[in-house]
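Heavy atoms only: backbone and side chains are in, while hydrogens, waters and symmetry mates are out.
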Amino acid sequence: AQTVTQSQPEMSVQEAETVTLSCTYDTSESDYYLFWYKQPPSRQMILVIRQEAYKQQNATENRFSVNFQKAAKSFSLKISDSQLGDAAMYFCAYRSAKGVDGLTFGKGTHLIIQP
Amino acid sequence: DTGVSQDPRHKITKRGQNVTFRCDPISEHNRLYWYRQTLGQGPEFLTYFQNEAQLEKSRLLSDRFSAERPKGSFSTLEIQRTEQGDSAMYLCASSLGGAGNQPQHFGDGTRLSIL
């Protein structure tokens, strides 16, 4: 079974600074998908960014980018120019390219933005 | 696109009672997922439908849990003889079929509290 580990329960960053959230995963599969989701307090889970394992190029969405290291099974999220609205729980998630179709989530990282 | 809708938002019940939750996915999405999220944890996959067919069930889905998706539209999740350990947020998500990188869109969730 796949596992996803987020080793930082909480991170704090000054507004306008850059922060990196860590995620590692364990799998024996070669083809899979990785996602970062954001869950603001009492609000819906929202997709931030996604990465296909077969793509070597790191995904980027505006201020959000990932550092995907397939051999190391690492998938970190970098948030540039942090904004107050970025404050939320961030979850890293894994999805197999075959078999069970549900996402496997990490425990999350609580991101605090200091004004 | 009205988003994924879940009802009710909150449910408080006594131990031993049965509860039923409803999820209305995004209209063109043929895939529907149920997750459970306890405090301080990431969501855990429960089950998945493609159209009206329930294709995967997690080991977490005990025989007290049953899910349906008649006619491939809305879905219901029923918990019979509720226990204290069932207290959690129950999340529904939907996605388009096809490639595995299709994002899952989440609802606001139903928070279940067992007295």
Trainee: Not counting sequence neighbours, which residues clear ring-ring contact (aromatic ring centres under 6.0 Å, His included) with B:F65? List them please.
Mentor: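 B:F65 satisfies ring-ring contact (aromatic ring centres under 6.0 Å, His included) with no residue once adjacent residues are dropped.
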
Trainee: How about B:E68: does its CD atom have over 12 heavy atoms from other parts shown lying under 6.0 Å from it?
Mentor: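 For B:E68, atom CD is not crowded (no more than 12 foreign heavy atoms under 6.0 Å).
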
Trainee: What about B:F45 and B:F21, same hydrophobic cluster or not, with Ile/Leu/Val/Met/Phe/Trp/Tyr joined at side-chain heavy-atom distances under 4.5 Å?
Mentor: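 In one cluster with B:F45: B:F21, no.
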
Trainee: CD1 of B:I12: more than 12 outside heavy atoms within 6.0 angstrom?
Mentor: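 Counting other residues, nucleotides and ligands, CD1 of B:I12 stays at 12 neighbours or fewer.
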
Trainee: Heavy-atom distance under 4.5 Å to chain B: side chain of A:Y37, backbone, both or neither?
Mentor: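 Just its side chain gets close to chain B.
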
Trainee: Using non-hydrogen atoms only, which part of B:L91 is less than 4.5 Å away from chain A: side chain, backbone, both, or neither?
Mentor: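 Only the side chain of B:L91 comes within 4.5 Å of chain A.
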
Trainee: How close do A:F91 and B:G42 get, counting heavy atoms only, and between which atoms?
Mentor: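 Heavy-atom minimum between the residues: CE2-CA, 3.3 Å.
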
Trainee: I'd like to know whether CZ of A:R63 has more than 12 heavy-atom contacts from other residues, nucleotides or ligands below 6.0 angstrom.
Mentor: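 Correct, the count exceeds 12.
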
Trainee: How about B:R15: does its CZ atom have over 12 heavy atoms from other parts shown lying under 6.0 Å from it?
Mentor: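 No, because the 6.0 Å sphere around CZ of B:R15 holds 12 heavy atoms or fewer from other groups.
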
Trainee: Which of residues 107-115 of chain B have a heavy atom under 4.5 Å from any heavy atom of chain A?
Mentor: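 Residues B:G107, B:D108 are the ones that qualify, each having a heavy atom under 4.5 Å from chain A.
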
Trainee: Sequence neighbours left out, what passes side-chain contact (heavy atoms from CB on, under 4.5 Å) with A:K55? Give chain and number order.
Mentor: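 side-chain contact (heavy atoms from CB on, under 4.5 Å) check on A:K55 returns A:Q51, A:E52.
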
Trainee: Tell me, yes or no, whether the heavy-atom count around B:Q84 atom CD, taken from other residues, nucleotides or ligands under 6.0 Å, exceeds 12.
Mentor: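 Yes, the 6.0 Å shell around CD holds more than 12 heavy atoms from other groups.
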
Trainee: Is it true that A:L21 and A:F35 fall in one hydrophobic cluster, defined by side-chain heavy atoms closer than 4.5 Å?
Mentor: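 In one cluster: no.
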
Trainee: Are B:L61 and B:I79 in one and the same hydrophobic cluster, where Ile, Leu, Val, Met, Phe, Trp and Tyr link if side-chain heavy atoms are under 4.5 Å apart?
Mentor: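 Linked within one cluster.
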
Trainee: Please report the interatomic distance CZ(A:R50) to CD(B:Q104), rounded to the nearest 0.5 Å.
Mentor: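 One finds 11.5 Å between CZ of A:R50 and CD of B:Q104.
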
Trainee: B:Y35 side chain to A:G102 main-chain N or O, any donor-acceptor pair under 3.5 Å?
Mentor: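 No; zero donor-acceptor contacts below 3.5 Å.
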
Trainee: How about residues 103-115 of chain A versus chain B: which residues have heavy atoms under 4.5 Å apart?
Mentor: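 Contacts with chain B: A:L103, A:F105, A:G106, A:K107.
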
Trainee: Counting only heavy atoms not in A:E10 (residues, nucleotides, ligands), do more than 12 fall under 6.0 Å from its CD?
Mentor: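 Above 12, so yes.
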
Trainee: So, taking the atom named CE in A:M45 and the one named CD in B:Q37, what distance separates them when rounded to the nearest 0.5 Å?
Mentor: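 Those atoms lie 5.0 Å apart.
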
Trainee: Give a yes or no on this: more than 12 heavy atoms of other residues, nucleotides or ligands lie within 6.0 Å of atom NZ of A:K70.
Mentor: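 Check passes, neighbour count above 12.
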
